[in-house]
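This report concerns only the one structure given below.
Counting begins at 1 with the first residue of the sequence. None of these values were measured; they are calculated from a predicted model.
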Amino acid sequence: MNSRKQKMTNEIKRKAIELGFSKIGIARSESLGKESSQLQEWLARGYHATMSWMERNVDKRTDPELILPNAKSVIVIAMNYYTPVEHSDDDKNGKISRYAWGDDYHEVLHQRLEQLLDYIKQQEATTIGKVYVDTGPVMEKIWAQRAGIGWEGKHTNVITKEYGSWVFLGVI
């Protein structure tokens with residue numbers, strides 16, 4: 001990697017951490033190979049149940065070039081949402097999953113990813129990008145693995161060395 005590209009990569013990673021993301025990784029944009037076949041098989045078996053939207057844009061899910069022609073990189077962020085606060089033992093109180101505590105993570109991550117994309121555009125004016133947080137035809141978990149964020153656990157979630165699976169994912 002040339003020194004200009006490495007400097008830019010380092011600056012993007014620094015800015016992502018400054019914006020409150022816990023981890024960031026960058027993968028080369030390319031068509032997904034075996035993952036594409038696995039998705040096709042998964043859909044053919046009907047594992048998506050009533051999530052009919054999963055059948056739409058399959059090609060886009062597996063090839064970033066179909067979302068953004070000439071894409072060079074896929075930037076993936078992870079944000080830790082774990083909190084050590086315990087649920088109440090009082091039977092009169094309901095329990096809500098920790099991921100749903102606080103503001104809607106879709107909005108929080110999207111806003112911060114837009115800030116990161118704006119920063120990148122300030123550094124490199126020719127940059128074009130799109131932001132996704134569970135909102136488009138992007139296989140976030142696959143890209144997180146390719147970008148070095150973590151690996152897929154038996155529960156099919158991404159596990160990070162630092163935070164386990166207590167992370168939200170977002171993609172540029």
Under a single-linkage definition using a 4.5 Å side-chain heavy-atom cutoff for Ile, Leu, Val, Met, Phe, Trp and Tyr, are [X] and [Y] assigned to the same hydrophobic cluster?
X: L32; Y: V58; answer: yes
X: L113; Y: L169; answer: no
X: I17; Y: V108; answer: no
X: V167; Y: V74; answer: yes
X: V171; Y: L109; answer: no

Close side-chain approach of [X] and [Y], heavy atoms under 4.5 Å:
X: I26; Y: V76; result: no
X: T62; Y: L39; result: yes
X: E11; Y: Q123; result: no
X: L116; Y: R112; result: no
X: W143; Y: V138; result: yes
X: H106; Y: D134; result: yes

Measuring from atom [atom1] of [X] to atom [atom2] of [Y], what distance do you get when rounded to the nearest 0.5 angstrom?
X: D63; Y: K60; atom1: CG; atom2: NZ; answer: 11.0 Å
X: L43; Y: M54; atom1: CG; atom2: CE; answer: 6.0 Å
X: I142; Y: S36; atom1: CD1; atom2: OG; answer: 10.5 Å
X: I120; Y: I12; atom1: CD1; atom2: CD1; answer: 4.0 Å
X: M139; Y: Q145; atom1: CE; atom2: CD; answer: 9.5 Å
X: E114; Y: I172; atom1: CD; atom2: CD1; answer: 8.0 Å

Under 4.5 Å side-chain linkage, directly or through intermediates, the cluster mates of I96: V85, W101
Assess the side chains of Q6 and N2: does a donor N or O sit below 3.5 Å from an acceptor N or O?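 Absent: no donor and acceptor within the cut-off.
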Shortest non-hydrogen contact from [X] toward [Y]:
X: L68; Y: G129; value: CD2-CA, 3.8 Å
X: H110; Y: V133; value: N-CG2, 3.8 Å
X: L19; Y: Q115; value: CD2-OE1, 3.3 Å

With side chain to side chain contact (heavy atoms under 4.5 Å, CB included) as the criterion, how do S165 and H155 come out once you've worked through the C-alpha distance, each side chain's angles and the decisive distance to 0.1 Å? CA-CA 10 Å; S165 59; H155 55 7; 3.5 Å; yes
Partner of S22 under side-chain contact (heavy atoms from CB on, under 4.5 Å), chosen from F168, W166, Y163: Y163
Cationic N near anionic O, under 4.0 Å, E162 to K23: yes
Heavy atoms of other groups near [X] [atom1], more than 12 under 6.0 Å:
X: I128; atom1: CD1; value: no
X: K121; atom1: NZ; value: yes
X: K161; atom1: NZ; value: no

Working note: Y119 + R14, criterion side chain to side chain contact (heavy atoms under 4.5 Å, CB included); need CA distance, chi angles, decisive distance, verdict. CA-CA 11 Å; Y119 173 79; R14 181 199 57 76; 3.3 Å; yes
Quick one: which residue pairs count as a salt bridge (charged side-chain N to carboxylate O under 4.0 Å, His left out) with a foot in residues 27-50, not counting sequence neighbours? R28-E30, E30-R146, E35-R146, E41-R45
Working note: L117 + T127, criterion side chain to side chain contact (heavy atoms under 4.5 Å, CB included); need CA distance, chi angles, decisive distance, verdict. CA-CA 9 Å; L117 181 55; T127 299; 4.2 Å; yes
Donor-acceptor contact present, side-chain T135 to main-chain Y132, <3.5 Å: no
Quick check: does any side chain N or O of K141 sit under 3.5 Å from a backbone N or O of T156, one acting as donor and the other as acceptor?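 Confirmed, K141 side chain pairs with T156 backbone.
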Name all pairs fulfilling the side-chain hydrogen bond (donor to acceptor under 3.5 Å, both in side chains) condition that reach into residues 71-92, sequence neighbours left out, sorted by first residue then second. S88-N93
